[in-house]
Amino acid sequence: EIRKAIQALELEKGHTQSDFYREYTQFLIRKLENISIIDSENKAVVDIPIFYANPERAIAKIKEDRNLVLPVISVGISDIEDDIGRRRYNMNVVVETAWNKTAQRATRVVSVAPKAVNLSFMVNLWAKYLEDLNQITEKIQLMFNPSLEFRTKFSDYIQGFITQVADNSVTVAPDRQDRVLKRTIQVSVEAYIPNQKYLYTNTGRIEKLNSDIIIEPFLELSGSATTAQTVTDQIRQST
């Protein structure tokens, strides 16, 4: 019954945005912003600039921006694919307990189980000197030891792994003199694409969450994915 009610609401016209890509991308960029290296004279600590761009746009930025000093890091999304091993049964429903700040009480929120995917990022390192490239690579490798926990508004237990490190050095000449070295680190994140969340009222109705309702995370029930019948039983026992 809960599943059918959610499906009926999702058939209605309307646009929702989960910020799925943005949340994971911003988290990775924030982590990489902390990277710094020692200069060639071992005198100063150099913070590494980072920006979001695919390799082609990154090359264009390096050519056009005369104020951009190497080394730099660029981050881009390369692929997203289904993770069959973590796939959930399509009748699974997630039930959560959240705190309604306006009503000052706990509220139940339900949604269809999220979709398991592997999200691939390409972290591109650009430098003039191999020593700088090696220092940056070492810092990133230590972040993933053996994995990096991605903490977003969707979850704080998502794992990311380095799957490949490749040297792709090519001669790029922003001023027709300097040679630019490039190394690519591929990161795979075991993520879940979230579905729209719905409010489960005291009367047993399922309603859309709108901008007038502010719900803050409060408590997630044990066993986040359950069958629709189990969710119904839990709610009946508590009312």
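Below, each value reflects all heavy atoms present in this structure, side chains not excepted, and no hydrogens, waters or symmetry copies.
Counting all heavy atoms, side chain and backbone alike, Pro114 lies closest to Asn195 at CA-ND2, 3.8 Å. Contact record, Thr152 with Glu23: CB-OE1, 3.4 Å, taken as the closest heavy-atom pair. Heavy atoms only, all atoms of each residue included: Trp126 and Ser74 are closest at NE1-OG, 3.1 Å. Residues Gly76 and Tyr52 come closest through the heavy atom pair CA-CE1, 3.9 Å. Of all heavy-atom pairs between Arg108 and Leu199, the closest is O-CD1, 3.7 Å. Nearest approach of Phe20 to Tyr192, heavy atoms of both residues: CE1-O, 3.4 Å.
The side-chain heavy atoms of Glu190 and Phe161, taken from C-beta on, include a pair separated by under 4.5 Å. The shortest distance between side-chain heavy atoms of Leu70 and Val180 falls below 4.5 Å. Side-chain contact between Leu125 and Lys182 is absent, with no heavy atoms from C-beta onward closer than 4.5 Å. Between Ile185 and Ile162, the closest side-chain pair of non-hydrogen atoms falls below 4.5 Å. Residues Tyr21 and Leu119 have side chains in contact (heavy-atom distance under 4.5 Å, counting atoms from C-beta outward). A 4.5 Å side-chain heavy-atom check between Val75 and Leu28 finds at least one atom pair inside the cut-off. Side-chain contact between Ile48 and Ile136 is present, with heavy atoms from C-beta onward closer than 4.5 Å. The closest side-chain heavy-atom distance from Arg87 to Lys115 is not below 4.5 Å.
The CD1 atom of Ile84 sits 7.0 Å away from the CG atom of Asp82 when rounded to the nearest 0.5 Å. With rounding to the nearest 0.5 angstrom, the CD atom of Gln159 is 10.5 Å from the OH atom of Tyr157. The OG atom of Ser120 lies 6.0 Å from the CD atom of Glu81; values are rounded to the nearest 0.5 Å. In this structure, Phe144 CZ and Thr163 OG1 are separated by 9.5 Å, a value rounded to the nearest 0.5 Å. Atom-to-atom distance recorded for Leu142:CG and Leu148:CG is 12.0 Å, nearest 0.5 angstrom. Rounding to the nearest 0.5 Å gives a distance of 9.0 Å between CG of Asp47 and CG of Asn34.
Of the N and O atoms on the side chains of Thr184 and Asn124, at least one donor lies less than 3.5 Å from an acceptor on the other residue. A side-chain N or O of Arg183 and one of Asn134 form a donor-acceptor pair less than 3.5 Å apart.
Under 4.0 Å is where a charged nitrogen must lie from a carboxylate oxygen, and between Asp19 and Lys153 at least one such pair does. A salt bridge does not link Lys31 to Glu33: none of the charged nitrogens lies less than 4.0 Å from a carboxylate oxygen.
Looking at residues two or more places apart in sequence or on another chain, you find a ring pair (Phe, Tyr, Trp, His ring centres under 6.0 Å) between Phe150 and Phe27. Here Phe121 pairs with nothing under the ring pair (Phe, Tyr, Trp, His ring centres under 6.0 Å) rule; sequence neighbours left out. The salt bridge (charged side-chain N to carboxylate O under 4.0 Å, His left out) test applied to Asp83 returns Arg86, not counting sequence neighbours.
Proximity of a side-chain donor or acceptor of Lys139 to a complementary backbone N or O of Ile37 within less than 3.5 Å is not detected.
In the displayed structure, Arg30 atom CZ is contacted under 6.0 Å by more than 12 heavy atoms of other residues, nucleotides or ligands. Open room surrounds OH on Tyr129; 12 or fewer heavy atoms of other groups in view lie less than 6.0 Å from it. Atom CD of Glu138 sits in a sparse spot, with 12 or fewer heavy atoms from other residues, nucleotides or ligands closer than 6.0 Å.
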Q: Would you please test Ile73 and Ile35 for side-chain contact (heavy atoms from CB on, under 4.5 Å) and show each step?
A: CA-CA 10 Å; Ile73 301 174; Ile35 291 180; 4.2 Å; yes
Q: Begin with the C-alpha distance, continue with both residues' side-chain angles, and end with the deciding distance and a verdict on side-chain contact (heavy atoms from CB on, under 4.5 Å) for Tyr198 and Val109.
A: CA-CA 6 Å; Tyr198 297 91; Val109 179; 6.0 Å; no
Q: Evaluate the criterion side-chain contact (heavy atoms from CB on, under 4.5 Å) for residue pair Val165 and Gln141; output intermediate values, then yes/no.
A: CA-CA 10 Å; Val165 178; Gln141 288 279 13; 3.6 Å; yes
Q) Passes side-chain contact (heavy atoms from CB on, under 4.5 Å), Leu181 versus Leu130? Steps please. A) CA-CA 7 Å; Leu181 303 177; Leu130 183 60; 4.2 Å; yes
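Linking Ile, Leu, Val, Met, Phe, Trp and Tyr whenever their side-chain heavy atoms come within less than 4.5 Å leaves Ile140 and Ile38 in two separate clusters. Two different hydrophobic clusters hold Leu32 and Met122 under the rule that ILVMFWY side chains link at heavy-atom gaps under 4.5 Å.
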